[in-house]
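Each remark here refers to the structure printed beneath this line.
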Amino acid sequence: MNVVFMGTADFSLKGLVALCENHCNVIAVYTQAPKPSGRKQKIHKSAVHEFAESKGIAVFTPKSLKKAEQIEIFASLKPDLAIVSSYGLIIPQNMLDIPKYGFVNIHASALPRWRGAAPIQAAILAGDKQTGITIMKMDAGVDTGDIISMQYVDITSKTNHGQLSEDLGNLGAKMIIETLSDLDNLLANAQKQPNEGATYAQKISKESCKIDWNNSTTDVLRHIMAFSPAPGAWSEVDGLRIKILDADVVSASSNFEISAANIGEIFENKGEMFVVCRDGILKITKIQPAGKNAMNGSDFLRGRKNLVGKIFS
RNA sequence: CGUGGGGUAGAGCAGUCUGGUAGCUCGUUAGGCUCAUAACCUAGAGGUCGGAGGUUCAAAUCCUCCCCCCGCAA
């Protein structure tokens, strides 16, 4: 069976790797076009792109799939099945119709919750206790297709975006292999996806990564975990831009004197770093000032004692 | 040639402008104090100051080139 893989994010790479390891005939890979990125504005290829090239698989990087020309190219590959995993482009109906088995999508949430662009972050931000992977048939809507299979992954207060992406990537890879092993049957038995309970994950922006210390400790912590390690929840103090990559809620039973009263104020206790939120205190355990590598909170404070008493804004 | 910061002991930093014996906090090692300790006291170990040239009596510091890390922006 000829398979075309479409994906861009690191999350999707695991699926492609699994397909190759399981001797699927991946005839082509679609991924977002390399564009100038990074510090020197160098052209960077996506991880999917690099991997596909290393395997000698043909790579296509159209900027849009809507043009007739792209439809023709796709058709000429004579695909039997297309697998999509956080690819980033909308696939038009007349392309969806081409493969005999259609398009199958690996989506990083338990649909219909968190349809859309950033489902992993959305689940953490919302405080969901679970999220998952949904394998579904694609239709013209945004993540509205019939569900082939779904499996769940737990989210705890210590689950960050990086870890969850990796776990979901592994799960997605495993599930897509299982799907292929029984494709006819599973496709025939796919369940209609309910619209009830559907939510949409907004794309994340730089501004939405900024920490609002006026929120509760739980909300601030979720915010931190949802964007860690990248792009990183951030805040500013003393003109310095700082990313907070990991933290803990200080439990109410911890009995140390809180001398700091202002929201966003930094204070120190036994060498550890703490910040005041609306309803409590967060211990900062991993932090990255602009221009430096990530370090733990106490190391950060050691060299910058002058920041104690300053307010994050 | 998008743009800014950084590389000094295991960690985080000061020192660089204005050249003159390598510092601080923490950790670590040994000893002491203590009912006890993450507390305190004493002593010690630990550095090619990112690399290579150059200037100089003398370079972490000034000049040139290179390597690496990171922030912003895309």
Side-chain angles (χ1 to χ4, degrees), chain A residues 7-13 31-50 61-64 86-90 117-118 121 160-163 165 202-213 220 223-260 264-275 281-313:
Chain A
T8 301
D10 293 345
F11 161 80
S12 33
L13 178 62
T31 189
Q32 294 260 7
K35 50 187 176 184
S37 67
R39 229 161 262 114
K40 299 279 195 314
Q41 291 297 103
K42 283 180 192 157
I43 302 290
H44 284 100
K45 293 173 181 172
S46 70
V48 168
H49 192 148
E50 297 275 2
T61 60
K63 289 197 169 61
S64 164
S86 58
Y87 175 39
L89 293 184
I90 297 204
Q121 291 94 332
N160 70 22
H161 169 237
Q163 186 60 51
S165 292
Q202 295 297 314
K203 277 191 173 180
I204 59 171
S205 69
K206 219 46 175 186
E207 201 51 35
S208 66
C209 294
K210 185 168 182 175
I211 296 172
D212 183 354
W213 300 98
V220 174
H223 186 95
I224 291 167
M225 301 315 275
F227 301 125
S228 176
W234 59 279
S235 192
E236 282 179 333
V237 63
D238 225 16
L240 186 66
R241 189 187 176 107
I242 293 172
K243 288 181 180 176
I244 308 233
L245 300 176
D246 199 7
D248 282 309
V249 174
V250 176
S251 65
S253 59
S254 304
N255 55 339
F256 58 74
E257 294 294 319
I258 298 166
S259 52
E265 184 167 340
I266 299 166
F267 70 100
E268 181 253 328
N269 184 294
K270 292 188 160 83
E272 307 267 29
M273 178 177 177
F274 299 87
V275 179
I281 309 292
L282 276 186
K283 178 163 99 175
I284 307 302
T285 50
K286 197 170 180 193
I287 187 167
Q288 182 179 22
K292 305 296 273 185
N293 282 316
M295 60 188 78
N296 64 46
S298 43
D299 286 343
F300 173 73
L301 225 46
R302 187 165 300 124
R304 298 175 190 264
K305 290 250 159 56
N306 59 317
L307 289 182
V308 172
K310 294 281 176 63
I311 314 268
F312 270 121
S313 57

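Lettering follows sequence order; numbering is per chain, from 1.
- Annotation: B/A52 and B/G5 have their C1' atoms spaced 24 Å apart (nearest Å).
- Spacing between B/C1 and B/G6 at atom P, rounded to whole Å, works out to 24 Å.
- Nucleotide B/U18 forms a pair with no other nucleotide shown, judged by Watson-Crick or G-U wobble geometry with both contacts under 3.5 Å.
- Nucleotides B/A9 and B/C26 have their C1' atoms positioned 12 Å apart, rounded to a whole Å.
- Taking A/Lys42 as the reference, A/Lys40, A/His44 meet the side-chain contact (heavy atoms from CB on, under 4.5 Å) condition, with sequence neighbours excluded.
- Base-pair partner of B/A58: not found among the strands shown (Watson-Crick or G-U wobble, both distances under 3.5 Å).
- Under the rule for a ring-ring contact (aromatic ring centres under 6.0 Å, His included), the partners of A/Phe227 that lie at least two apart in sequence or sit in another chain are A/His223.
- When the side-chain hydrogen bond (donor to acceptor under 3.5 Å, both in side chains) test is applied to A/Trp234, no partner is found at least two apart in sequence or on another chain.
- Along RNA chain B, the stretch of nucleotides lying under 4.0 Å from any heavy atom of chain A spans, 5' to 3', B/G2 to B/A74.
- Legend: residues meeting salt bridge (charged side-chain N to carboxylate O under 4.0 Å, His left out) with A/Asp10, ordered by chain and number and at least two apart, are absent.
- Side-chain atoms of A/Glu265 do not come within 3.5 Å of backbone N or O of A/Val275 as any donor-acceptor pair.
- The heavy-atom pair separating A/Thr8 from A/Tyr87 by the smallest distance is OG1-O, 2.9 Å.
- The side-chain contact (heavy atoms from CB on, under 4.5 Å) test applied to A/Ser298 returns A/Glu272, A/Asn296, A/Arg302, not counting sequence neighbours.
- Under the Watson-Crick or G-U wobble criterion, with both distances below 3.5 Å, B/C65 is paired with B/G51.
- Distance noted for atom P between B/C72 and B/U64: 29 Å (whole Å).
- Between B/A59 and B/U21, the two P atoms lie 12 Å apart (nearest whole Å).
- Look at B/G2: its Watson-Crick or wobble partner, with both distances under 3.5 angstrom, is B/C72.
- Residues from residues 35-50 of chain A that place a heavy atom under 4.0 Å from any atom of RNA chain B, listed by number: A/Pro36, A/Ser37, A/Gly38, A/Arg39, A/Lys40, A/Gln41.
- Under the Watson-Crick and G-U wobble criteria, each requiring two contacts below 3.5 Å, nucleotide B/U42 is paired to B/A30.
- On the P atoms, B/G4 is 23 Å away from B/U8, given to the nearest whole Å.
- Remark: B/C24 base-pairs with B/G12. Criterion, Watson-Crick or G-U wobble with two distances under 3.5 Å.
- For B/C13 and B/G20, the P atoms lie 24 Å apart once the distance is rounded to whole Å.
- Remark: A/Ser86 engages A/Ala9, A/Phe11, A/Ser12 in a side-chain contact (heavy atoms from CB on, under 4.5 Å) (not counting sequence neighbours).
- Rounded to a whole angstrom, the distance from the C1' atom of B/A11 to that of B/G47 is 14 Å.
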Contacts table for residues 304-313 of chain A: side-chain donor-acceptor under 3.5 angstrom, sequence neighbours left out:
unit_1, atom_1, unit_2, atom_2, d
A/Lys310, NZ, A/Asp238, OD1, 3.4
A/Lys310, NZ, A/Asp238, OD2, 3.2
A/Ser313, OG, A/Glu236, O, 3.4

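- Residues from residues 234-244 of chain A placing a heavy atom under 4.0 Å of any atom in RNA chain B, listed by number, are A/Arg241, A/Lys243.
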Donor-acceptor pairs are to be reported for all side-chain atoms of residues 282-293 of chain A against protein atoms at under 3.5 Å, with residues two or more places apart or in another chain.
unit_1, atom_1, unit_2, atom_2, d
A/Thr285, OG1, A/Asp246, O, 3.1
A/Thr285, OG1, A/Ala247, N, 3.3
A/Gln288, NE2, A/Lys292, O, 2.8

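- A 6.0 Å sphere centred on CG of A/Leu240 holds more than 12 heavy atoms belonging to other residues, nucleotides or ligands.
- Counting non-hydrogen atoms under 4.0 angstrom, A/Lys292 reaches the backbone sugars and phosphates but no base.
- Scanning for side-chain contact (heavy atoms from CB on, under 4.5 Å) contacts around A/Ser228 gives A/Asn160, A/Leu245, with sequence neighbours left out.
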